[in-house]
Structure formats: structure tokens, C-alpha cells
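Atoms within each ligand, like the ligands themselves, are counted from 1 in listed order.
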Amino acid sequence: MAALKYAGMDDTDSEDELPPGWEERSTKDGWVYYANHDEMKTQWEHPKTGKKKRCAGDLPYGWEQETDDKGQIYYVDHINKRKTYFDPRQAFTVEDVQVKPKRFDGNTSALEILQGRDLSNKVILITGANSGIGFETARSFALHGAHVILACRNKTRSSKAVGLILQEWNKAHVEAMPLDLASLRSVREFAESFKAKKLPLHVLVCNAAVCSQPWRLTEDGLESTFQICHLGHFYLVQLLQDVLRRSAPARVLVLSSESHRFTDLVDSCGKVDLCLLSPPRRAYWSMLAYNRAKLCNILFSSELHRRLSPYGVSSNAVHPGNMMYTGIHRGWWLMTLLFTLARPFTKSLQQGAATTVYCAVAEELEGLGGMYFNNCFRCVPSAQAQDAAAALHLWELSEKLVRERSTAPQTL
Ligand SMILES: NC(=O)c1ccc[n+]([C@@H]2O[C@H](COP(=O)([O-])OP(=O)(O)OC[C@H]3O[C@@H](n4cnc5c(N)ncnc54)[C@H](OP(=O)(O)O)[C@@H]3O)[C@@H](O)[C@H]2O)c1
């Protein structure tokens, strides 16, 4: 007020009060402007405060906007049968503050990203959501109203996970469905049961993985790390792509890892080599198998985005963080030791879920995909993960494997 006085303006009770000769009006789409009748001029800024404003919300019930012969907008109150040039919404104006997208980073938690978000119209499916990062992702979405489906291989563990979320919020819309990514038959049965529910699918998180597992062939005759981390997810997305397309805009997130950088998967001719992806026992090293599967995750996500983005389905790959203490290390004592030593310095699981959650809900990412995210930022994956030809080869090889093995299981 002292400042206004100093500027030679009348001191009033309200700093919004207009000086003499000024009038407040609004445009058809609700922007408030100011007309000065003495100087015959208009401006967007309030003559005293310099603030811009717009009308909040719709016209009250029974009101309609019309335009007179001179092109000026007026308002008709049909209930009380009267007309006015004053926009009734001006009683509820809000300041026009430029809202910049909030910046998140590696310290942000999933719940922070979702603060104030209502996801009650979203259906979200997460594989391997009974533990670790997948569980925190599911919990964060469910606590914000989404219908969350935990697709898990173990009924006891998945029921426990559902129970934990319901214990936190008994109105959470959360359920578990059986899915074993090591079996193409199980993936097909899962997709059939999901489709029978006649639900849309707005977000699909391909999260499940195994690492440092001893060599094992699945019932479809493929090395298990490769099938669980990549091929099972590939088949799942193939079977659910019609639902995703019908639910557009929809998003797929594929959990990868920075460890994708320490490997390759093409042969000397530049073709994706099945012997590298699903090696025999003598050529198997569990860490290498995991890294290759994580490279597949990025290539798959890029190619998926290329194919489905014209239908409103985008896909991005995510690195959740380094060496977070989950169940991922349990296959090998050395890994467990390393993860235990690193534990005080790594992200919490809530922070680990943040990048996935960010990619699932960020408005600025609508329709964007084929990218790789870390710490809620887009980052550059390895050169091989950017190889479009390798992504296409992997897609074709995956299609062939699924075609051959989902109907007639056979060994390598
Ligand atoms: N932890 C990290 O530091 C880290 C770093 C980089 C990337 N990631 C990625 O983050 C994602 C989540 O990993 P996490 O660390 O949270 O590990 P996690 O706690 O071991 O979770 C993995 C989940 O996948 C499930 N799963 C394993 N095999 C399955 C199968 N055949 N069918 C269906 N589900 C299966 C597991 O179920 P069960 O409980 O039944 O085994 C578990 O729920 C993974 O993609 C991983 O590669 C993790």
C-alpha cells in the first residue's frame, strides 16, 4: 500500500480495486483485460498491480455467452431473465502464473512426483510387482487412485504385496494376476484373462527381471534370463497391443539398466545373434546374460515406440538407479555382498521407482518415446542401444521365437 501511495495512486482497501476511468472485462475464452475509457485503450495487465488474470471455471448454471452487433460479448442469465456485459466468472479470477514443469532428479521419490495427482481413471499393469522397485511403483500408483494390476509369478508373494498396499489405504484399487514370464503359455493365459476383464490399459510397466541366475532352460527351450527379461515381455506387449491401442494415449515403460553398456549382441555381420542371447550352458555367464537382456530392453522399447506411436502408444526405457537393495542380487553371494556394501550409498526404493513413475505420468512426455531415462532425465544410451537396425533384427528374431515356440515348445 505504501508503494501505491508513493506512486500517486489512491490508497484503497483492495489492491485489486481499479483507478477511476478503468473497467475490467473478459474475452470469450476467459482472459481478463482492462479498458481505460478516458484514454480509449485496453491492456492485459491490471493498471495498479501489473498482474494478469483469467476467469476460473465455466459459466454458472443457466448462463450463456452471446455477442452483440458491435462484436462485444455479453452474458445472458436465462434463469433470472437478465443480460449483463460483466462476465459472472470474474468473481472467481485466478492469477495467470506461468507454471513451469517441475524438475525432478535422482533424489526425487515416486510419491513426490505423484503429489496432487488423481489417477483414478487409469489402469496400470506392472510385471514383477510383488517386490523391490516394481512393488514401490505399484504402491505409488495405487495410493493415487489408479487401478493397479500386479502381474506376478508367485501367488503367496503377490497376495502379500496386495495386502500391504490395502493395509496402507483400504480403498486402493489393486489386484494380483498370475504371470510367469519364463513361460510363453503363461504369458498367453495371462493376456487372455486380462482381456476377459474388458479393461483399458493406460500404462504397462515391464519391470520383472532376474539377474545372476544359474543357467537354466525354460519350458520353451530358451535361456531363462533372456526369456524372463526380454522375450516374455515382448510377447506380453504383442498380445496386449490391441488393448493399448484402444486405450490411447497409452504408455509402455521398459525397465533396463546402465549395465546394458557392458555388452553387445550382434555377430560379425551386424545381426542380432541368438547364440549370444540364449547361449548354451558352456558359454553362459549370468552377469553377461543380464547385461544383454537389459540391452534388449532398450532396443525393444525403441522399436516398439516406432511401431506403436502412430496409434498413440509411446514407449520409453528406464534405468531406475544403481545397486538398490532389492531381491535382484539373491542368485549369487558375491552380488549380495556387493549390494550390501553399497546399500548406505544407493537410492531408496521410492527413489528407484521415481523415473518410471515420472515417465508414466509426465505431461511434457505425452506422445514422446523411443528414449532412455535415468534420474528423471533423458540420457544417451550406448551406441549399440541406439542402433535402429539391431532393434529391428531383435524384433524380427523375437517374433520368430514367439511364433515357433508359443505353439510347439521345443529345446534349442
Ligand atoms: N536393483 C537395482 O539396483 C536395479 C538396477 C538397475 C535396473 N534394475 C531393474 O529394475 C527392475 C526391478 O528389479 P528389482 O531390483 O526391483 O528386483 P527384484 O526385487 O528382484 O524384483 C524383480 C521382480 O521380478 C519378478 N520376476 C522374476 N522372475 C519372474 C518371472 N519368471 N515371471 C514374473 N515375474 C518374475 C520377481 O518375482 P519373485 O519375487 O517371484 O522372484 C520380482 O517381483 C528390473 O528390471 C531390474 O533389471 C534394478
Side-chain angles (χ1 to χ4, degrees), residues 106 110 125-139 149-162 164 176-187 189-190 205-213 216-220 222-233 235-236 253-262 286-287 289-298 300-301 317-332 335-336 338-343 345-357 372-375 381:
L125 173 58
I126 307 172
T127 66
N130 58 279
S131 68
I133 298 160
F135 173 74
E136 278 306 321
T137 310
R139 171 179 164 253
I149 296 165
L150 286 69
C152 307
R153 64 175 165 179
N154 182 293
K155 196 164 186 279
T156 315
R157 287 197 285 268
S158 58
S159 307
K160 194 171 162 209
V162 167
L164 283 172
M177 287 178 68
L179 168 69
D180 181 358
L181 289 156
S183 156
L184 295 174
R185 176 192 42 78
S186 168
V187 175
E189 284 169 7
F190 172 87
V205 183
C206 299
N207 163 81
V210 285
C211 177
S212 57
Q213 298 285 300
R216 178 173 76 83
L217 281 186
T218 65
E219 66 184 34
D220 304 299
L222 293 164
E223 191 283 311
S224 63
T225 309
F226 166 67
Q227 182 159 344
I228 293 167
C229 297
H230 168 67
L231 198 70
H233 283 128
Y235 191 33
L236 180 67
L253 284 324
V254 187
L255 271 280
S256 177
S257 166
E258 275 293 272
S259 67
H260 81 272
R261 298 184 190 277
F262 309 116
S286 61
M287 264 325 289
Y290 177 74
N291 296 350
R292 284 189 172 132
K294 294 289 115 183
L295 177 54
C296 288
N297 290 150
I298 302 181
F300 164 55
S301 170
V318 169
H319 169 65
N322 299 322
M323 298 181 79
M324 280 160 293
Y325 199 84
T326 61
I328 199 88
H329 53 78
R330 68 195 147 182
W332 188 19
M335 286 271 282
T336 304
L338 289 175
F339 272 69
T340 310
L341 293 174
R343 194 170 184 177
F345 312 103
T346 56
K347 285 182 183 180
S348 69
L349 297 191
Q350 256 298 308
Q351 289 167 334
T355 305
T356 305
V357 164
Y372 175 60
F373 284 83
N374 181 7
N375 293 331

Asker: Got a donor-acceptor contact below 3.5 angstrom from the N297 side chain to the C229 backbone?
Answerer: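 Such a contact is found between N297 side chain and C229 backbone.
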
Asker: Who passes side chain to side chain contact (heavy atoms under 4.5 Å, CB included) against A110, sequence neighbours left out?
Answerer: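 Checked A110 against side chain to side chain contact (heavy atoms under 4.5 Å, CB included); matches are S140, Q350, A353, V357.
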
Asker: Just say parallel, tilted or perpendicular for the rings of H329 and F339, cut-offs at 30° and 60°.
Answerer: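 Ring orientation, 0 to 90° scale: tilted.
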
Asker: side-chain hydrogen bond (donor to acceptor under 3.5 Å, both in side chains), that's the test. Do N291 and S259 meet it? Break it down for me.
Answerer: CA-CA 5 Å; N291 296 350; S259 67; 3.1 Å; yes

Asker: For S159, give me all partners under side chain to side chain contact (heavy atoms under 4.5 Å, CB included), at least two apart in sequence or on another chain.
Answerer: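 With neighbours one apart ignored, the set is K155.
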
Asker: With sequence neighbours left out, write down each residue that passes salt bridge (Lys or Arg N to Asp or Glu O under 4.0 Å) with R185, or none if nothing qualifies.
Answerer: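 With sequence neighbours excluded, R185 shows a salt bridge (Lys or Arg N to Asp or Glu O under 4.0 Å) to E189, E219, given in chain and number order.
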
Asker: At a 4.0 angstrom heavy-atom cut-off, what protein residues surround ligand 1?
Answerer: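 Residue list for ligand 1: G128, N130, S131, G132, I133, R153, R157, L179, D180, L181, A182, N207, A208, A209, V210, I228, L255, S256, S257, Y290, K294, H319, P320, G321, N322, M323, M324, T326, G327, I328, R330, F339.
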
